[in-house]
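Residue numbers start from 1 in every chain, and the chains themselves are labelled A, B, ... in the order their sequence lines are given, proteins ahead of strands.
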Amino acid sequence: MNCITVHNLSFSYPGHIEVFNDLNFSVVNGEKAGITGPNGSGKSTLLLLLMGLLKKESGSINLWGKSVETPDDFRKARLKTGFLFQDPDDQLFLPTVEEDIAFALLNRGISRENAREKVDTLCETFRIGHLKKRIPFHLSWGQKRLVSLAGVLVTEPDLLMLDEPTAGVDDRVIETILAYIEGFSGTMLISSHDKAFLDSICTSRYRLLNNRLEKC
Amino acid sequence: MQLEVFSQGRSLLHILDPRVKLLVYLPFILLTALSNSLVQVPASLATATTLAGIARIPGPRLFQRLAVVNLFMVFLWITLPFSIPGEPLWNAGPLMMSREGVTLPFLITLKANAIALYTISLPGTSTVMSLSHAMLHLRLPGKLVTVFYFFYRYISVIADEYARMLRMLQARGFHATTSIHTIKVYAFFTGMLFIKSHERSERVYNALLMRNFHGEFPLLAHFRLSRQDLIFSCFMSCLFLTIILL
């Protein structure tokens, strides 16, 4: 069964800057798909479109076999999806690291006790336990990346979308990210320029070029 | 962040429940703002100064903030003594300084400083996030609290963007002069600042949506009234009544 099915998707930014024109592709459940492509080819835009954070012009998006059209459809889809943004500063906004990681859990109505337990476990896994009481804005770039990833993974999503997860981070942080997401059993869509990272994680690769997504 | 510079600390006021601080803060600033008594207002200023002392607010930062408040007071001191009629205090040709004209800016200065000190010592010693959370607990309208929090979040975004762009300008050798070039650079700077801030705030909002934000601010650390909170509330209530009776 397909996790993501995109049919004839078209999208342009204001000013008639066409990004996609009749784009078609699908990702099956459990697939770890990597998307590469030059800067400005629309990798991040595609991820945002799939989650309804940008409004498509035409075409259809199906997630887990269901068409997602309305804001409510996308809201439900987001409950099953973890999205790591390119810039961790866009994602982190709570006063402490542990609050930031717990945010999505508490939004889903999970009790504080359970949320705290999950946060503690994840902090242990990511070796960021010592940062729990720190202010997220004051962390290093690599630490921010780990905290933002923890904030995404804490909900145990079925679908994980990572936008340039290794951009600007050192090898140690990449190893920590790899160690965790290698064991991730859901579907994954990773947009990245880091070919070595994609090679080590992905089961399939796509290349986005000239408004087309081709399987490599 | 700029708006939370006083929120980190280990003083009594830093560990008090933000709900208690808000409940103490509101009556005191209302009393200060509405009173015209030359006894009540100085008493309120003395209370606010004591609270700032208890909060162990660093002196230089505190004076920096108060300097901004008092800058506006200078204009009042220049104009009001000579424009309000009353009992003459001093005459110089057509200029006449009245007692009422001096009393009014004096009162306004005391009130402004007292309110600034209350704001720094009470809500200022909590993070904006916990204040938002406290407001929701105090049954303030959710939309109002959301607007408050987003205002804070986006002001910070604009401030961060401003600092980043300013560093970029300096790194590229720009220094302001009285030339058309400088005016042009500032015009582009302002325009770009708004565009970049707008785009960034959209990204922040998208990140919130992806983490299932629906207008509430749940926190892991939940508020629990402690003995200190109760003692502080009782003491401040007594102090409030005493100032009213003065």
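With a 6.0 Å radius and a threshold of 12 heavy atoms from other residues, nucleotides or ligands, B/Phe72 has its CZ atom at or below the threshold. More than 12 heavy-atom neighbours from other residues, nucleotides or ligands sit within 6.0 angstrom of CD on A/Glu182. Counting heavy-atom neighbours within 6.0 Å of B/Tyr162 OH, excluding the residue itself, gives a total of 12 or less. Crowding of A/Glu18 atom CD: a count of heavy atoms from other residues, nucleotides or ligands under 6.0 Å exceeding 12. More than 12 heavy atoms of other shown residues, nucleotides or ligands fall within 6.0 angstrom of atom CZ in B/Phe150. Within a 6.0 Å sphere centred on CZ of B/Arg164, heavy atoms belonging to other residues, nucleotides or ligands number more than 12. Counting heavy-atom neighbours within 6.0 Å of B/Met192 CE, excluding the residue itself, gives a total of 12 or less. The 12-atom threshold is not exceeded at CD1 of B/Ile180, counting heavy atoms of other residues, nucleotides or ligands nearer than 6.0 Å.
Interface residue B/Gln8: only side-chain heavy atoms are found under 4.5 Å from chain A. Residue A/Asp89 touches chain B through both its backbone and its side chain, counting heavy-atom pairs closer than 4.5 Å.
Side chains of A/Phe85 and B/Asn206 form a contact here, defined as non-hydrogen atoms less than 4.5 Å apart.
Among all heavy-atom pairs drawn from B/His214 and A/Asn107, the shortest one is NE2-O, 2.9 Å.
Taking CZ of A/Phe74 as the start and CG of B/Leu209 as the end, the distance is 12.0 Å to the nearest 0.5 Å. Summarising the geometry, atom OG1 belonging to A/Thr81 is positioned 9.0 Å from atom CG belonging to B/Asn212; distances are rounded to the nearest 0.5 Å. Taken from CD1 in A/Ile135 to OG1 in B/Thr127, the straight-line distance is 9.0 Å, to the nearest 0.5 Å. Atom CZ of B/Arg203 and atom CG of A/Leu53 lie 13.0 Å apart (nearest 0.5 Å).
Of the possible donor and acceptor atoms, one in the side chain of B/Arg211 sits under 3.5 Å from a partner among the backbone N and O of A/Asp100.
With chain B as the partner, the residue from A/Glu113, A/Met51, A/Arg108 showing the most heavy-atom pairs under 4.5 Å is A/Arg108.
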Go through B/Arg200 and A/Asp87 one step at a time and tell me if the side chain to side chain contact (heavy atoms under 4.5 Å, CB included) criterion holds.
-> CA-CA 10 Å; B/Arg200 194 173 172 87; A/Asp87 184 347; 3.4 Å; yes

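Under the side chain to side chain contact (heavy atoms under 4.5 Å, CB included) rule, B/Met210 has a single partner from A/Met161, A/Arg78, A/Gln91, which is A/Arg78.
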